[in-house]
Amino acid sequence: MMLTAEEVKKIAYLARLGIDEKDVETYANDLSSILDLMTQMSETCTDDILPMAHPMDQIQRLRPDTVLESDQRENFQSIAPQIDSGFYLVPKVLD
Amino acid sequence: MHNKTITELAKDLREGKFSSVELTQSYLDRIKKHSELNCFITVAEDFAIESAKMADIKLANGDASPLTGIPIAQKDIFCTQGTKTSCGSKMLDNFISPYNATVVEKFNHSGAVMLGKLNMDEFAMGSSNETSFYGAVQNPWDTSTVPGGSSGGSASAVAAHLTAAATGTDTGGSIRQPAAFCGITGLKPTYGRVSRYGMIAFASSLDQAGPMTRSAEDAATLLQTMSGFDPKDSTSMNKPVPDYSMGLNNSLEGLKIGLPKEFFSEGLNDSVARVIETAVDEYRKMGAEIKEVSLPHMKLSIPVYYVIAPAECSANLSRFDGVRFGYRCDEPKDLNDLYIRSRGEAFGDEVKRRILMGTYALSAGYYDAYYIKAQKARRLISEDFKQAFSEVDVLMGPVSPSTAFGLGEKTGDPIEMYLADIYTIAVNLAGLPAISIPAGFVNEKPVGLQIISNYFTEPHLLNVAHKYQQTTNWHQQTPKGFE
């Protein structure tokens with residue numbers, strides 16, 4: 001299976017991942033070889049097999065909805081790239 | 001003093017042969033002296049000396065645990081409050097975690113001294129430590145070769161005696177393969193045994209932390225501190241923690257060892273195969289019975305792993321968006337540009353490759369064909385192990401098809417690098433515990449013997465490893481120039 005340069009760019013956009021124009025070809029080739037590797041799976045019949053998401057098939061544990069942590073806004077925001085008045089700043093979204 | 005095991009160091013500290021401060025300083029000096037290995041991303045010199053002073057007080061008061069005052073180092077994937085946690089990436093080059101990983105908390109509580117943070121493949125994605133933003137790590141046995149990965153800094157540092165022990169994480173072999181390449185002991189526990197809280201996630205259904213040490217006995221000591229239920233990790237297993245040291249010397253008479261024939265097929269280097277066979281013979285002499293078994297779906301493990309791991313990685317790494325922490329690009333023109341450029345500028349090639357692969361496998365129209373198919377095949381692989389463990393107690397085989405390869409040798413071809421993970425990744429897919437122990441040398445490069453056991457049987461696994469280390473001295477060898 002061969003991925004086109006256009007497909008690679010589309011996936012990169014879905015992942016919001018900048019890739020250099022000059023590398024697109026390389027990624028297309030690499031991903032195509034990886035996909036070829038994956039086709040080996042199709043040779044094995046997996047009908048009626050339950051998908052395995054957790055090695056011990058453990059189900060998600062629930063806990064009581066109680067407050068355990070105190071507010072640490074300032075602590076967490078101290079490592080943010082840009083903040084103002086307790087908000088994380090990003091470029092303007094609405095005009 | 002840097003040549004001693006943790007058990008010996010703990011004894012000497014108690015007998016007052018040296019203090020934890022002196023011991024810590026001697027390791028810090030060695031780290032400086034051998035900085036060319038590039039094992040450490042951050043050396044926490046002041047923090048280490050302060051912790052050692054506190055440990056000396058605890059030791060003097062008789063209020064000490066087996067790890068009190070013992071210098072260890074953390075793989076830079078574990079969040080450490082106040083000390084940089086980079087995960088080997090430019091993305092987190094400026095990241096000081098506001099909290100500690102549970103593993104780090106547990107070591108702090110035990111009184112262990114943290115020397116610093118160890119180099120690793122970027123976001124633990126790699127098998128050679130060459131994808132690190134901080135540069136490659138050298139293998140002390142041959143500095144022109146890789147230490148393995150992704151816990152390459154951990155393995156190299158333990159082998160070169162720059163720390164008494166280290167932590168690692170293993171998603172597809174990242175503890176066992178570098179342990180094998182560097183001639184040390186590396187244990188990947190059962191999935192759910194050690195908390196993943198504060199351990200930067202790569203592939204959440206596969207990641208597991210474990211000890212990297214110079215002996216199985218030391219691994220038991222570290223695992224004792226690391227394991228246990230953690231309500232902060234939703235995949236942590238609520239099972240009691242056994243005493244890992246108690247049964248180390250149990251007899252292996254009648255132990256049933258299975259050799260999966262798929263581990264000894266094409267692709268395995270002949271000399272490595274001979275080392276493994278000799279190690280198995282050693283077990284035969286101890287009274288073990290050897291039997292051939294089969295893991296018929298093992299060949300599927302590479303395609304299955306390289307769907308599941310990238311899929312989970314693409315989801316996990318979406319948190320690195322340049323908004324709340326980590327790298328942000330200069331002058332983003334809009335929000336999309338902020339995301340795209342921050343991630344594009346800060347992630348390396350291998351990480352990008354896996355995000356792309358995972359995004360593709362999870363995208364509309366391909367989800368069933370790749371991700372669900374892989375999860376189904378994953379169950380087949382896991383069932384193979386169940387069948388094998390109905391016949392034998394442990395499985396043995398190589399960790400890697402070859403010894404450490406040259407720096408730069410495989411960087412051009414990602415697939416070739418992936419294929420070398422063949423003997424380790426099935427264990428992660430099944431969630432089983434496994435250990436790599438030094439079993440000999442090929443051309444003066446270490447070879448690791450892999451031992452795999454059933455879920456939550458780490459005490460038995462450590463017993464099997466320890467008995468071998470009582471009759472052989474491969475684990476006591478030190479690379480030339482690092483004595």
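Quick caveat: nothing in here was measured; it's all calculated off a predicted structure. Residue numbers start from 1 in every chain, and the chains themselves are labelled A, B, ... in the order their sequence lines are given, proteins ahead of strands.
- When side chains are defined from C-beta on, B/I425 counts as touching B/I302, because their heavy atoms get closer than 4.5 Å.
- In terms of heavy atoms, B/A201 sits closest to B/L317 at O-CD1, 3.8 Å.
- The candidate with the highest count of non-hydrogen atom pairs below 4.5 Å against chain B, out of A/V93, A/V90, A/L3, is A/V90.
- Considering only heavy-atom pairs separated by less than 4.5 Å from chain B, the leading option among A/L68, A/L50, A/L31 is A/L50.
- Looking at every heavy atom in both residues, B/G210 comes nearest to B/P189 through CA-CD, 3.8 Å.
- The minimum heavy-atom distance linking B/G326 with A/P81 is given by the pair O-CG, 3.9 Å.
- Heavy atoms of B/L432 lying under 4.5 Å from chain A are absent altogether.
- Among B/A361, B/G344, B/G192, B/A377, the residue with the largest count of heavy-atom pairs under 4.5 Å with chain A is B/G344.
- Interface residue B/P414: only side-chain heavy atoms are found under 4.5 Å from chain A.
- Contacts between B/F385 and chain A at a heavy-atom distance below 4.5 Å are absent for every atom of the residue.
- Both the backbone and the side chain of B/L356 come within less than 4.5 Å of a heavy atom of chain A.
- Proximity to chain A (any heavy atom under 4.5 Å) is restricted, for B/I415, to the side chain, taken from C-beta onward.
- In this structure, B/M357 and B/P310 approach most closely via the heavy-atom pair CB-CB, 4.0 Å.
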Open item on the list: side chain to side chain contact (heavy atoms under 4.5 Å, CB included), that's the test. Do B/L206 and B/I308 meet it? Break it down for me.
Closed with: CA-CA 9 Å; B/L206 304 166; B/I308 291 179; 4.3 Å; yes
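- B/F123 and B/F320 have tilted rings, their planes meeting at an angle from 30° to 60° on a 0 to 90° scale.
- In this structure, the side chain to side chain contact (heavy atoms under 4.5 Å, CB included) partners of A/A28, at least two apart in sequence or on a different chain, are A/V8.
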Please tabulate, one pair per line, the donor and acceptor atoms of chain B and chain A that lie under 3.5 Å from each other, or say none if there are none.
unit_1 : atom_1 : unit_2 : atom_2 : d
A/Y13  : OH     : B/N336 : ND2    : 3.0
A/A15  : O      : B/R343 : NE     : 3.2
A/A15  : O      : B/R343 : NH2    : 3.1
A/R16  : O      : B/R343 : NE     : 3.0
A/R16  : NE     : B/N336 : OD1    : 2.7
A/G18  : N      : B/I340 : O      : 3.0
A/G18  : O      : B/K352 : NZ     : 3.3
A/Y27  : OH     : B/D349 : OD1    : 2.6
A/D30  : OD2    : B/R353 : NH1    : 2.8
A/T44  : O      : B/K373 : NZ     : 2.8
A/T46  : OG1    : B/K373 : NZ     : 3.0
A/L50  : O      : B/R379 : NE     : 2.6
A/P51  : O      : B/R379 : NH2    : 3.2
A/M52  : N      : B/Q375 : O      : 3.0
A/D57  : OD1    : B/R379 : NH2    : 3.2
A/D57  : OD2    : B/R379 : NH1    : 3.1
A/Q58  : NE2    : B/S234 : O      : 3.4
A/Q60  : NE2    : B/S234 : OG     : 3.4
A/R61  : NH1    : B/S236 : O      : 3.1
A/R61  : NH2    : B/D233 : O      : 2.9
A/Q82  : OE1    : B/R328 : NH1    : 2.9
A/L89  : O      : B/R328 : NH1    : 3.2
A/L89  : O      : B/R328 : NH2    : 2.7

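- Residues B/V304 and B/A374 come closest through the heavy atom pair CG1-O, 3.4 Å.
- Looking at every heavy atom in both residues, B/M125 comes nearest to B/C313 through CE-SG, 3.5 Å.
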